[in-house]
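This structure is a prediction, so every number in the text was calculated from the model and none was measured. Letters A, B, ... are given to chains in the order of the sequence lines, protein chains preceding strands, and every chain is numbered from 1.
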Amino acid sequence: MKFQATKEEMLLAVRRLSFASAASLPLTFKLGDRVIRGIPADFRPTEVKKLVDANMTETVITGMNDQGLEIRAEVFEYRDMPVVEYTVYFTNRGTQDTEIFSSIDAIDTDFCGDSPVLQHGNGDDCSFDGYKFFEDPITREPIVLAPRDDGTSCAGAYPFMRIKFEDYILTAAIGWSGTWQATMAANDMGISFKAGQKYVNFKILPGETMRTPRICFMITETACETRAINMWRKFYNKHIMPKQHGQNIPPKLCSHVFAYKSPEFTGATEDSQIFGLKKYLKRGIDLDLWWFDAGWYPCNGNWPAIGTWIEDKVRWPHNGLGPLGEECAKNGVDLMVWFEPERVTAGSEIEREHPEFLLRYKHPDGNYDGNSMFNLGNPEALKWMIDRVDGLIKKWRITIYRQDFNFFPFNWWRQNEAPDRLGALENLSIQGYYKYWDELLFRNPGLFIDSCASGGRRNDLETLRRAVPYQYTDIGLNDPAQKQKQHLMLFEWAPYFRAHTMSDSPIADEYTWFVAWAPAVTFSPNCWNGEEEFEIARKMIPIWRRAADLQLRGDYYRQMKIKYGEELTCFTCEHFYDPEKGDGFVMFLRNRDCEQESFTAKLALEDGHDYFVENPLTGESYVKPACELKEFTQALEKKQGAVWFFQKVK
Amino acid sequence: MIKTTEQDFLLAVRKASFVTPESVGVFAKIGEAYAHGLDGAQIDQRLIDSTMVRTVIEGTLRGTDISVKHEAVAFRDYPVTLLTVTLKNVGAQAFAPESLNIFCREFCGDDPRLVDAEGTGVEVPEEESGSFEQKRYFIAFDDCTVMLESELPKRFHAEPCGVTAVIGKDAVCLAPGEEVTLPAITIAVSEGDVSRCESIYRAWSEVHL
């Protein structure tokens with residue numbers, strides 16, 4: 001089955017996602033006492049529609065009232081996929097503050113259809129409870145989805161969801177890297193759907209612009225979830241996934257020397273890092289990426305002490321991380337370096353020299369928090385940080401910029417906002433965050449960004465257009481139960497992610513590699529460890545590479561539902577198939593507490609063709625027709641995995 | 001299938017980047033004088049999707065009542081930039097310069113050669129003279145190639161460090177209140193020769209046109 005947009009789907013998109021006019025734009029906001037829908041006549045709206053390229057039409061709807069409040073909606077209708085996206089911008093071009101916006105729903109509309117069911121997740125909330133997906137019928141009782149009030153977009157609720165009707169599925173994404181809220185309820189026609197920035201009660205100052213979340217809807221015909229999943233994956237690959245040198249980011253094998261004599265990388269030196277890189281290469285590990293996390297700056301062994309974004313000159317005496325960057329470049333290895341620009345601790349360079357860039361939070365006891373927030377919504381602060389970090393990227397030949405965010409900005413925003421500016425700091429901060437990344441990407445062709453916020457707390461649509469989640473969680477890095485649950489969800493929504501080759505095994509054995517099975521993996525035993533792990537790695541890496549490539553370009557076919565809280569009793573299975581190239585794989589994993597001795601996968605091979613079937617670990621291979629392979633059974637021992645590759649024989 | 005390289009994109013940023021008012025190549029010849037530069041320039045840069053970044057620079061052509069909207073879409077999957085320029089006469093008088101140009105850029109490199117769409121080499125004039133009427137030309141250097149495509153006439157002349165390309169037209173007239181969007185300009189930049197640049201352009205056009 002090839003997943004590509006059908007004529008019916010494109011017609012459905014035109015019918016049900018027709019948002020590209022002043023009257024039909026499903027925006028609702030309350031300005032002063034007035035509830036306004038769309039862009040009304042007194043704003044004298046104009047519409048300009050044009051072809052952006054063969055894949056996209058853009059309609060820009062602009063209106064301005066007599067007070068100089070401009071509303072501009074940029075609506076993108078895709079021509080290659082049944083997707084519509086839009087963002088609305090409010091700019092005060094007048095000379096006085098606007099009235100107060102007490103609510104802005106970027107989308108407030110109805111969708112017609114029978115028997116609506118909502119599929120939604122709880123995102124990554126830094127607990128073992130995260131990365132779960134739920135299914136709830138939508139009734140007249142409203143369902144309200146919102147992440148925790150901590151200022152991040154994915155902690156407690158995931159800004160990606162599906163609404164399944166009897167004859168079509170709506171896939172929705174809310175592109176906002178802060179606090180959002182979505183509300184759904186059944187009505188006579190189907191459902192009502194509303195979403196926007198959660199906390200809004202602000203006036204807009206002269207010259208200032210506020211924006212809404214980027215709203216994205218995809219529509220797929222029938223209630224087939226496999227179709228909805230794979231159409232979303234296709235859309236992600238084509239229009240969301242960031243590029244490196246013009247192509248989608250390929251699978252990456254990562255490694256590092258971690259916590260050498262000191263926590264994180266606070267003990268890392270030029271010598272130990274270059275030694276480690278060379279050692280892995282010498283031991284036959286063909287790395288793609290050298291990972292350098294927190295602690296390269298002066299911090300006295302305490303990596304969370306940040307805000308001085310220069311190298312620790314004692315440990316890095318010659319041009320900072322430059323020699324490491326050179327060594328990586330010489331060996332064709334990407335250098336990834338960690339930053340956390342939005343958090344600043346007491347005593348740091350920024351705190352001493354640029355307090356005006358910071359937002360502080362005073363606790364109820366009257367003491368200020370030791371962390372301040374670097375306000376990317378302040379244009380001078382934004383420029384300062386861009387210039388500082390860009391300089392280091394260039395000087396040290398950093399090819400992957402890793403940004404972390406171990407912080408909960410909600411209180412910092414709220415405490416620094418006047419009552420008539422509630423939500424304004426959040427809005428400006430988030431705009432600054434996007435501009436910061438856009439500028440780094442523009443200034444450094446070939447750079448890509450790894451998004452981390454104590455894991456996956458901020459991996460919404462707008463973040464994922466600019467970055468990939470290499471640390472999709474901080475939880476359960478060596479927990480096979482957690483990883484399997486997390487990966488099965490990520491394959492459906494954010495298909496490019498990275499996992500550690502760690503499990504409950506004492507070394508990275510074959511089982512551990514299967515648990516880690518992801519488009520990017522980290523293999524990082526100590527590089528001076530014994531040979532057994534390295535021998536297993538050298539055997540598994542080429543197999544993993546082949547599978548990782550298929551995890552990215554192939555269609556994904558769910559084989560089972562993971563049982564939350566009982567993951568280790570499950571027999572896990574994942575299957576990918578690419579009908580363009582006629583190849584795929586199926587991977588089986590029997591977990592520690594699983595009493596089921598075998599699993600039968602249902603493979604999406606194409607009728608009427610023969611397939612070359614191969615198990616690279618056992619060496620078995622044969623050719624069989626698809627009809628004999630459609631139900632493929634694998635028996636395994638506990639804590640054992642297996643992978644089979646299929647190639648259509650021409 | 002042609003594969004783009006890091007160097008392609010570095011070259012594209014270096015040679016075909018339009019993110020500052022100074023990079024806008026709109027100028028008009030009015031009598032013996034030239035009107036160039038933008039007053040009151042505003043820049044808006046947005047990520048459209050993972051393959052496109054659009055930079056819009058708006059301002060007034062200095063010394064005139066001509067409002068300029070310069071839109072550059074830089075592609076992230078191919079080293080190609082698409083330029084569109086819209087002009088509007090916001091004054092009370094007709095605007096009738098002798099010539100109006102919407103692109104002017106010097107491309108630096110060794111051993112420049114001008115090659116037309118048929119692959120025929122054309123001499124780069126020492127001075128700006130005549131116009132090149134074909135839709136597409138390649139400026140080939142020893143290590144990279146620049147492709148320019150537009151319906152508008154082009155002029156090239158040699159510089160000490162390469163070639164200057166100008167795109168525009170003569171005998172333009174904008175009545176008061178009139179707005180015109182000129183034909184788009186496509187710029188492809190790549191390392192290597194004309195054949196490689198052309199392959200990249202074709203690959204881009206298959207996906208985006």
Side-chain angles (χ1 to χ4, degrees), chain A residues 48 50-56 58 60 72 74 76 78-81 83 85 87 89 91 93 175 207 209 211 214 216 235-249 329 332 334 399 431 434-435 437-439 441-448 461-462 464-468 496, chain B residues 1-20 23 42-56 58 69 71-82 84 86 88 179 181 184 186 188-191 199-200 203-209:
Chain A
V48 176
K50 68 174 187 192
L51 207 57
V52 177
D53 74 345
N55 303 311
M56 216 187 280
E58 180 189 26
V60 178
R72 177 190 167 95
E74 296 177 359
F76 293 100
Y78 287 81
R79 294 161 65 91
D80 58 340
M81 307 222 67
V83 176
E85 287 186 300
T87 313
Y89 300 85
T91 302
R93 299 206 188 275
T209 296
R211 58 160 282 182
R214 183 166 182 150
C216 175
F235 179 66
Y236 182 94
N237 276 337
K238 209 166 169 205
H239 294 288
I240 299 176
M241 170 99 151
K243 311 290 173 219
Q244 187 184 35
H245 311 316
Q247 280 100 52
N248 279 358
I249 300 165
D334 280 316
T399 50
Q431 289 186 62
Y434 298 147
K435 282 185 189 143
W437 278 9
D438 289 346
E439 187 64 18
L441 290 170
F442 170 72
R443 290 186 185 197
N444 298 281
L447 181 80
F448 71 86
L461 180 69
E462 286 283 56
L464 292 182
R465 271 224 158 83
R466 297 162 168 86
V468 286
Y496 192 101
Chain B
M1 196 169 97
I2 188 99
K3 206 172 165 184
T4 49
T5 64
E6 181 182 2
Q7 186 63 9
D8 288 333
F9 289 92
L10 285 170
L11 284 166
V13 167
R14 198 184 312 151
K15 293 183 184 294
S17 181
F18 300 90
V19 294
T20 63
S23 66
Q42 303 280 327
I43 305 170
D44 186 78
Q45 190 172 68
R46 300 266 173 90
L47 189 71
I48 297 180
D49 77 346
S50 61
T51 63
M52 287 184 270
V53 177
R54 180 170 56 201
T55 307
V56 177
E58 293 183 84
K69 182 176 169 186
E71 196 172 302
V73 176
F75 289 83
R76 283 233 167 109
D77 52 348
Y78 293 94
V80 174
T81 305
L82 196 58
T84 323
T86 301
K88 184 173 181 179
E179 182 179 275
T181 297
T186 308
V189 185
S190 69
E191 58 175 342
S199 298
I200 282 179
W204 168 83
S205 61
E206 273 176 31
V207 173
H208 291 284
L209 282 189

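Taking the side chain as every heavy atom from C-beta outward, Arg76(B) and Leu441(A) approach each other to under 4.5 Å. Looking only at side-chain heavy atoms (C-beta outward), Val53(B) and Phe442(A) stay at 4.5 Å or farther from each other. Within the 4.5 Å cutoff, the side chain of Leu47(B) has no heavy atoms near those of the Trp437(A) side chain. His245(A) places none of its side-chain heavy atoms less than 4.5 Å from the side chain of Asp8(B).
For chain B, no part of Gln244(A) is nearby; none of its heavy atoms comes within less than 4.5 Å. Heavy atoms closer than 4.5 Å to chain B are found in the side chain of Arg214(A), but not in its backbone. Contacts between Tyr89(A) and chain B at a heavy-atom distance below 4.5 Å involve the side chain alone, from C-beta outward. For chain B, the nearby part of Tyr78(A) is the side chain; its heavy atoms alone come within less than 4.5 Å. With a threshold of 4.5 angstrom between heavy atoms, Val73(B) does not approach chain A through any atom at all. Proximity to chain B (any heavy atom under 4.5 Å) is shown, for Glu462(A), by neither the backbone nor the side chain.
Separating the CE atom in Met56(A) from the OG1 atom in Thr51(B) is a distance of 5.5 Å, to the nearest 0.5 Å. Residue Met241(A) holds its CE atom at 13.0 Å from CG of Asp77(B), rounded to the nearest 0.5 Å. In this structure, the separation between CG on Leu51(A) and NE2 on His208(B) is 12.5 Å, given to the nearest 0.5 Å.
Between chain A and the options Gln45(B), Glu71(B), Gln7(B), the largest number of non-hydrogen pairs under 4.5 Å is found for Glu71(B). With chain A as partner, the option from Leu82(B), Thr84(B), Ile48(B) having the largest number of non-hydrogen pairs under 4.5 angstrom is Ile48(B). Of the listed residues (Ala12(B), Pro79(B), Ser17(B), Ser50(B)), the greatest number of heavy-atom pairs within a distance under 4.5 Å of chain A belongs to Ser50(B).
The minimum heavy-atom distance linking Arg54(B) with Phe76(A) is given by the pair NH2-CZ, 4.3 Å.
For the side chain to side chain contact (heavy atoms under 4.5 Å, CB included) criterion with Val207(B), the lone passing option out of Asp80(A), Asn55(A), Asp53(A) is Asn55(A).
Atom CD of Glu179(B) has more than 12 neighbouring heavy atoms from other residues, nucleotides or ligands inside a 6.0 Å radius.
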